[in-house]
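The block underneath contains the structure these notes are about, expressed in C-alpha cells.
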Amino acid sequence: FIRMYEKGLAYVKKTTVNWCETCQTVLANEQVIDGCCWRCDQQISSRQMQGWFFRITSYAEELLTGCARLEGWPEKVITMQRNWINKSTGARIDFPLVDSDRKLTVFTTRPDTIFGVTFMSVAPEHPLIKEIAPRSGNEQKIWDFVAEVQLERQRSRPEDELDKKGVFSGAYAVNPYNGLQIPVYIANFVLMEYGTGAVMAVPAHDQRDFEFAGKYGLAIKIVVAPREKELKEDSMTEAYDGPGVLINSGEFSGMDSESAKTAITEYGEKKGFAAAETSYRLRDWGISRQRYWGAPIPMIHCPDCGIQPVPEKDLPVILPTDVRPDNSGKSSLHNLKEFYQTSCPLCGGEARRETDTMDTFVESSWYFVRYTCPNFHNGPVELDKADYWLPVNQYIGGVEHAILHLLYSRFFTRVMRDLGYLNIDEPFTNLLTQGMVIKDGAKMSKSKGNVVDPEEMISHYGADTVRLFSLFAAPPEKDLEWNDKGVEGCFRFLKRVHRLVMENRELLKGSAGNKLPGNLCKAGRNLHRKTHKTIKKVSVDLETTFHFNTAISAVMELTNTLSGTCGEESGEEPEAETIREAVETILVLLSPMVPHLCEELWETIGNTSPLTEKAWPSYDQEAAREEEITIAIQVNGKLRSQIKAKVDEKEEKLKEMAMADVKVQKFMEGKEIKKTIVVPGKLINLVVK
RNA sequence: GCCCGGAUGGCGGAACUGGUAGACGCAAGGGACUUAAAAUCCCUUGGCACAAUGUGCCGUGCGAGUUCGAUCCUCGCUCCGGGCACCA
C-alpha cells in the first residue's frame with residue numbers, strides 16, 4: 001500500500017460515495033449490484049465522504065487492450081470487462097461563455113456534428129453554475145431545480161429512466177467553430193462524474209438532446225445527411241445517429257462523417273480550442289471501508305505534516321482484538337483511542353491513525369501471488385518463486401466475479417509488476433466460470449433460503465453417488481436447474497460396478513500382476529481397445545474441458561462393454577488379463593469422482609498399495625486403434641447404407657464396395673455418377689443425376 | 001437502446017468445430033425371474049406413413065443462402081438467459 005501511495009496509485013479524496021446503511025460502510029462502484037449492496041441487498045444511498053482510492057484508471061487502457069490476449073477466458077467475461085471499462089474516443093472542446101472569461105468544456109464522441117449544436121447542457125453539480133446563476137435573473141429557480149434533481153436521484157433506483165428536464169441557466173456559450181451563440185441549460189440527464197459534466201447538444205443526431213429540444217422548443221439542425229434517406233427538421237420523430245455526409249457544416253460540408261471526426265478535431269487543435277481525448281467509464285477504486293475487519297490502511301494523519309505513511313519498521317499495523325461492534329455509523333476503530341492515538345513519524349507530534357480498513361477485494365487481488373511463497377518474510381513476494389509458479393494456469397470461479405475480483409486482480413498484477421514484485425502482465429491464463437445451480441427459478445444460495453441440503457441424499461445413497469450425480473448432470477460452465485431425478489441411475493451404475501468386481505473377484509485376483517498375453521482373442525482385443533479409447537476420452541475431458549459428464553458416460557460405456565462380454569452366454573470370453581485391465585481402468589478413471597468405493601474395490605481385486613497412489617493411466621494409441629470401421633454410404637448426401645471395411649482399405653476398393661451395395665444401387669438406377677467424395681475412415685458420398 | 005451467451009427427443013444432455021444427429025443417463029412401455037414386492041436382467045422408445053421386425057419421408061427455435069454434404073459456416077428473424085445503460 002505504501003509503495004502504491006508513493007507512486008500516486010493510492011490517494012485520498014472527498015467525493016460522493018456509495019453508502020450501505022445496513023453494513024454502515026462505503027462500497028466500490030463494482031460492489032453495487034442493481035443499486036443494492038453486494039453483501040446484504042440493502043439499497044445504496046450516496047454520501048459525501050473522504051476515502052482512499054486506488055488509481056485503477058491509470059491502467060484502463062492496458063486492462064482494455066489486455067483483454068484481447070485473454071485467450072483462455074470465456075468471451076462473456078471479457079465482454080463484461082470491456083463494457084465496464086467502456087472506452088470512448090472523441091474530443092474535448094472549449095466553448096467560451098458570452099460576457100465572461102470562463103469557458104465551458106465538453107467531451108464528445110461526435111465532433112463531426114459540431115455545426116449542429118443548438119444548445120449546451122450541464123450537470124446540476126457543475127461548478128460553473130455558482131458563477132452563472134447569480135447573473136441569470138432567476139437564481140432561485142435554478143437552485144430549486146438543482147435541489148429537485150438531487151432529491152429525485154436519491155429516490156429513484158438506477159434502472160429507472162427519469163424524464164428529461166432542465167432549466168435555462170441565463171448564460172450563453174459560443175460555438176468556436178461558427179461563432180454562434182447558444183443557450184446553456186442545466187439538465188437532469190447530464191452526469192458530473194462522466195466526461196466534463198457538460199455536453200454539447202445536437203438534437204438532430206442525439207436522442208436525448210432530441211427529446212430535450214422537443215420539450216423546451218429548442219432548435220434542431222441537421223448536419224449529417226444519411227445516404228439512403230432524406231431528413232427534414234420538421235418531420236423528424238427521432239434523432240439520426242448513423243453515419244452520412246456532412247451538410248451545413250462550413251468548410252467541412254461534403255465530408256464523410258467518419259473522416260470529419262478527425263478533421264474537425266484537428267482543426268480545433270490547431271486553433272487551440274479542442275483536443276482529441278479518450279474517456280473511460282471506469283472510475284478509481286474506492287477501497288476505504290468503515291468495517292473493523294479488514295487490513296488497516298497504514299497511514300497517519302498529522303495536523304501539521306498532513307498524511308504520512310506508517311514507518312516500515314512499525315509494520316504491520318495490527319488490529320486490536322478486544323473490540324465490540326457498535327452501530328454508531330462509524331468503524332469501531334474510529335472510537336478506539338488506543339488504536340488511533342499515535343504520533344507523527346515526521347514531527348513526532350500528536351497524530352491520528354487512519355481508522356478505515358481496506359476492502360476485502362484488496363487482499364483477494366493478490367493472495368495467489370503470496371501462495372507461491374508462503375514462508376517468505378522479507379517482503380511481500382519472493383520473485384523467484386512467483387516467477388516459477390505464475391501466472392495461474394487454471395482459475396475457477398463464478399461469473400459474479402467478472403468485474404470485481406477478476407478485474408481487480410488484473411489491475412493488481414500490473415501494479416505489482418510496475419513496482420518490481422512480478423514479471424507477469426496477467427494473473428490467470430485460463431478461466432472457467434462455473435454455472436449457477438438454479439432452484440425454483442432462483443440462484444441457489446443461503447440468503448435466498450432455497451438450498452438443497454445434500455445430507456439427506458448422502459445418507460440415502462452415499463457421498464460417492466451424490467458426487468457422481470452432481471458431476472454427471474451437466475458440464476460445469478452451464479447453469480443447472482436442480483433436479484434429483486437422475487440420482488437413481490448413478491446409484492444403479494455404481495452398484496453395477498460393485499457387482500462386476502465382486503462377481504469376478506477370484507478371476508481378477510488371479511490375474512493380478514500378469515502381463516497381457518501377446519495374442520489376444522477377438523473379444524479380448526475388443527475389450528482392450530475399448531479400455532484404451534476410454535482412457536483417452538476421460539483424460540481429455542478431465543484435463544482440458546472439465547467435462548465430467550462425458551467422462552462419466554465414457555466409463556459407463558466401458559462398463560457396459562465389460563458386462564456384455566463377461567456374460568456366460570457370449571461365445572468367446574476375453575482373457576482374464578484384459579478383464580482385469582478394464583476393471584482397473586474403470587476404478588482408476590472413476591476414482592477422482594468416486595473415491596471411496598473405488599479405493600475399496602481396488603483393494604478387493606488384490607492390490608496392496610492404495611489407489612490414490614496409482615499414477616493416472618496413459619493410453620496406448622496402438623491398442624485404441626480400430627481394426628474394422630463402418631463406412632457410411634451416402635447418395636446425394638443422404639445416408640443410404642453402411643459397409644464394414646478394414647481401416648486401411650484403399651479408396652478404389654471402398655468405392656467398388658459402395659457401388660456394389662444393393663441398397664445403394666436402388667438409388668442409382670438409371671442415373672449417372674457425377675462425382676464421388678471419399679472421407680477417409682468416415683463415408684463415401686456418391687453424387688448422381 | 002447497446003453488447004455477450006443460448007435454443008437439439010417427454011427430461012438432463014452427446015456429436016473430433018462441415019461428414020452416419022440423439023452417445024450416456026433419467027422417465028415411459030413390454031417381457032424374464034418371484035407366491036408377491038423390491039432388487040436384477042432383456043427388449044422397445046424423435047415424429048409421420050406404409051404393402052409394418054423392414055422401407056420411405058420429415059426432423060437440431062423460424063426463414064433464406066453457401067456446400068457433394070450444415071446442429072456446426074453466412075445473412076435475416078423469434079424466443080429465453082445474462083451484462084451494461086441518460087456514458088455525451
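It should be emphasised that the depicted structure is a prediction, and the values quoted were computed from it without experimental measurement.
- A distance of about 15 Å separates the C1' atoms of B/U53 and B/G30, rounded to the whole Å.
- Nearest to the side-chain atoms of A/Y194 among the listed nucleotides B/C87, B/G56, B/G12 stands B/C87.
- Along RNA chain B, the nucleotide nearest A/T79 and the nucleotide nearest A/W84 are compared for position; the residue whose nucleotide lies closer to the 5' end is A/T79.
- Distance from the side chain of A/K682 is smallest for B/C16 among the nucleotides B/C16, B/C84, B/C57.
- Counting any heavy atom pair closer than 4.0 Å across all strands shown, A/F667 reaches sugar-phosphate atoms only and no base atom.
- Rounded to whole Å, the separation between the C1' atoms of B/G56 and B/G19 comes to 23 Å.
- Across B/C58 and B/U44, the matching P atoms stand 26 Å from one another, rounded to whole Å.
- A/Y619 and A/T585 form no side-chain donor-acceptor contact under 3.5 Å, judged by distance and modelled atom types alone.
- The side chain of A/R492 lies closest to B/C26 when the candidates are B/C26, B/G56, B/A23.
- Side-chain polar atoms of A/R496 and A/N560 form a donor-acceptor pair below 3.5 angstrom.
- Rounded to a whole angstrom, the distance from the C1' atom of B/G22 to that of B/C75 is 28 Å.
- Here A/K478 does not reach the OP1 or OP2 of B/G6: none of its side-chain N or O atoms lies under 4.0 Å away.
- Residue A/V679 places its side chain closer to B/G19 than to any other of B/G13, B/G83, B/G19.
- Distances from the side chain of A/A474 to the nucleotides B/G13, B/C24, B/A88 place B/G13 closest.
- Ion pairing of A/E557 with A/K533 is absent here, as no side-chain N (NZ or NE/NH1/NH2) approaches a carboxylate O to less than 4.0 Å.
- Across all strands shown, A/R640 has heavy atoms under 4.0 Å from sugar-phosphate atoms exclusively, and none from any base.
- Sequence order on RNA chain B of the closest nucleotides to A/F107 and A/K537 puts A/K537 first from the 5' end.
- Here OH of A/Y185 is found 6.5 Å from CZ of A/F212. Values are rounded to the nearest 0.5 Å.
- Across all strands shown, A/K87 has no heavy atoms under 4.0 Å from either base or sugar-phosphate atoms.
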B/S/- along nucleotides 63-68 of chain B (protein heavy atoms under 4.0 Å) is -----B
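- The side chain of A/P475 sits closest to B/G13 out of B/A88, B/U40, B/G13.
- Taking every side-chain heavy atom of A/L683 into account, B/G19 is the closest of B/A88, B/G19, B/C24.
- Aromatic ring centroids of A/W84 and A/Y408 lie 6.0 Å or more apart.
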